[in-house]
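Whatever order the structure lists ligands and atoms in, that order sets their numbers, starting from 1.
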Amino acid sequence: MNFIKIERQDRVVTVTLHRPEVLNALSSGLLAELVEALRPLDRDPGTGCFVITGSERAFAAGADIKEMEPKTSVEMFAEDYFAGWDAFAALRTPKIAAVSGYALGGGCELAMMCDIILAGESATFGQPEIKLGVIPGIGGTQRLTKLVGKAKAMDLILTGRTMSAQEAERAGLVSRVVPDDRLTAEAAAIAATVASYGKPAAMAAREAVERALEVGLREGLLFERRSFHALFATEDQSEGMAAFREKRAPRFTGR
Ligand code: CAA
């Protein structure tokens, strides 16, 4: 692999974006590697959580501007440029973005495709595409608006300004802000916690929360309730509830 590095620690798989010379700009090659590597790991019951991270200086500074620049509108349309990112968003294993430095354009959009965003104090978020004469193209206009509301989304997308980790946390984009030197350890700890639970419950939980962004309350509540019912077919449910009654730690198997 040329553009990403993958490490496994028990049930946690950490993906480090690695194009340091271009601040981890998200090229088609990087996307292809990412999806090819993560798809089989996603289906592996031994994978309980993904951590996606970059470097200290940049989580990712956006889609690769130099790759996009020469393309015509027809080429972009014919290739359905960026459509491949849907495969990343659709991964069912919980994903944590551990963000340090720039998370701009596609970088911010990549973080928003993850389930939890953990930010180091140095993290900056933004959708500066307007400065390039374009608009966000990997979900920024939609996800950012759902996550932080119209006021903040319009402000960021129309001015192209960045926001700090603290502002992003206040706005509801970021789950937690930690000192930069604690980012890796905190992400690993959160991922280990998520991965310690039964995978069917974790998958169902993130799917149900995602639904809240997509459908009305009635449909969302029904989806949640049916998922809840379905989990009573799992051994993890029997084990989790028996362990509670017996006052002991549960042993989840993902079955
Ligand atoms: N694509 C391609 N190359 C990029 C890049 C990107 N998104 N971001 C940075 N780079 C490259 C720079 O061209 C530079 O390469 P050279 O050394 O060959 O010149 C290298 O990375 C280092 O960058 P800078 O010298 O610019 O570093 P800096 O510290 O002065 O500035 C920065 C950092 C403010 C992040 C600046 O690089 C920047 O503004 N980058 C572009 C941010 C941006 O516009 N992102 C949105 C991209 S479009 C998009 O993402 C569309 C979408 O919705 C998916």
> Do protein heavy atoms approach atom 48 (S) of ligand 1 to less than 4.0 Å?
Replying inline: yes
>> Only heavy atoms of Gly137, strictly under 4.0 Å: list the atoms of ligand 1 that pass.
In response: 52 (C), 53 (O)
>> Let's go through Phe232 and Phe228 carefully: what are the C-alpha distance in whole Å and the side-chain angles of both, what is the deciding distance for ring pair (Phe, Tyr, Trp, His ring centres under 6.0 Å) to 0.1 Å, and is it a yes or a no?
In response: CA-CA 7 Å; Phe232 279 68; Phe228 188 84; 5.4 Å; yes
>> Closer than 4.0 angstrom, basic N to acidic O: yes or no for Lys152 and Glu167?
In response: yes
>> Quick check against the 3.5 Å criterion: does Glu109 have a side-chain atom that pairs as donor or acceptor with the backbone of Gly140?
In response: yes
> Does some non-hydrogen atom of Arg57 fall short of 4.0 Å from ligand 1?
Replying inline: yes
>> Taking a cutoff of less than 4.0 Å between a non-hydrogen atom of the residue and any ligand atom, is Pro136 in contact with ligand 1?
In response: yes
> If you measure every N/O of Ala61 against every N/O of ligand 1, is any gap under 3.5 Å?
Replying inline: yes
>> Looking only at protein heavy atoms, which one is nearest to atom 52 (C) of ligand 1, and what is the separation?
In response: Glu129 OE2, 3.2 Å
> Any protein heavy atom lying closer than 4.0 Å to atom 27 (O) of ligand 1?
Replying inline: yes
> Do the side chain of Asp64 and the main chain of Glu67 share a donor and acceptor less than 3.5 angstrom apart?
Replying inline: yes
> Atoms of ligand 1 less than 4.0 Å from Ile138 heavy atoms?
Replying inline: 53 (O), 54 (C)
>> Hydrophobic cluster membership, with links at side-chain heavy-atom distances under 4.5 Å among I/L/V/M/F/W/Y: are Leu23 and Leu17 in one?
In response: no
> What's the shortest distance from atom 36 (C) of ligand 1 to any protein heavy atom, and which residue and atom give it?
Replying inline: Leu23 CD1, 4.7 Å
> Can Val174 and Phe125 be said to form a side-chain contact (heavy atoms from CB on, under 4.5 Å), step by step?
Replying inline: CA-CA 10 Å; Val174 158; Phe125 297 85; 3.6 Å; yes
> Is atom 15 (O) of ligand 1 in close reach of the protein, with a heavy atom under 4.0 Å away?
Replying inline: yes
> Between Asp236 and Arg255, does at least one N-O distance fall below 4.0 Å, as a salt bridge requires?
Replying inline: no
>> Can you report which non-hydrogen protein atom sits closest to atom 39 (O) of ligand 1, along with the distance?
In response: Leu104 CD1, 4.9 Å
> side-chain contact (heavy atoms from CB on, under 4.5 Å) with Arg206: which of Thr93, Leu91, Ile116, Asp115?
Replying inline: Asp115
> Is the count of non-hydrogen atoms from other residues, nucleotides or ligands lying under 6.0 Å from Phe223 atom CZ greater than 12?
Replying inline: yes
> Which residue and non-hydrogen atom of the protein lie closest to atom 13 (O) of ligand 1, and at what distance in Å?
Replying inline: Lys66 NZ, 2.9 Å
> Relative to the heavy atoms of Ala25, which atoms of ligand 1 are at a distance of less than 4.0 Å?
Replying inline: 1 (N), 2 (C), 6 (C)
>> Give me the residue, atom name and distance of the protein heavy atom closest to atom 31 (O) of ligand 1.
In response: Tyr102 OH, 4.2 Å
> Is there a nitrogen or oxygen of Gly105 sitting under 3.5 Å from a nitrogen or oxygen of ligand 1?
Replying inline: no
>> Evaluate Met68 for polar contact with ligand 1, using N/O atom pairs at a separation under 3.5 Å.
In response: no
>> With a 4.0 Å cut-off on N to O distance, would you call Arg248 and Glu239 a salt bridge?
In response: yes
> Which of the numbered atoms in ligand 1 are below 4.0 angstrom from a heavy atom of Pro128?
Replying inline: 43 (C), 44 (O), 45 (N)
> Should the pair Lys71-Glu79 be classified as a salt bridge under the 4.0 Å nitrogen-to-oxygen rule?
Replying inline: yes
>> Among all protein heavy atoms in this structure, tell me which lies nearest to atom 10 (N) of ligand 1, with the distance rounded to 0.1 Å.
In response: Val22 O, 3.7 Å
>> Which residue and atom name correspond to the protein heavy atom nearest atom 7 (N) of ligand 1, and how close is it?
In response: Ala63 O, 2.9 Å
> Are any of the heavy atoms in Glu21 under 4.0 Å away from ligand 1?
Replying inline: yes
> Which atoms of ligand 1 are found less than 4.0 Å from any heavy atom of Glu109?
Replying inline: 52 (C), 53 (O), 54 (C)
> Any idea which heavy atoms bring Arg143 and Ile138 closest together, and the distance?
Replying inline: NH1-O, 3.8 Å
> Just which atoms of ligand 1 are under 4.0 Å from any heavy atom in Leu132?
Replying inline: 44 (O), 47 (C), 48 (S)
>> I need the Leu144 CG to Met112 CE distance, nearest 0.5 Å.
In response: 4.5 Å
> Just to confirm, does any protein heavy atom lie below 4.0 Å from atom 33 (C) of ligand 1?
Replying inline: yes
> Tell me: protein heavy atom nearest atom 1 (N) of ligand 1, and distance?
Replying inline: Ile65 N, 2.9 Å
> Between Glu207 and Arg92, is the closest basic N to carboxylate O distance under 4.0 Å?
Replying inline: yes
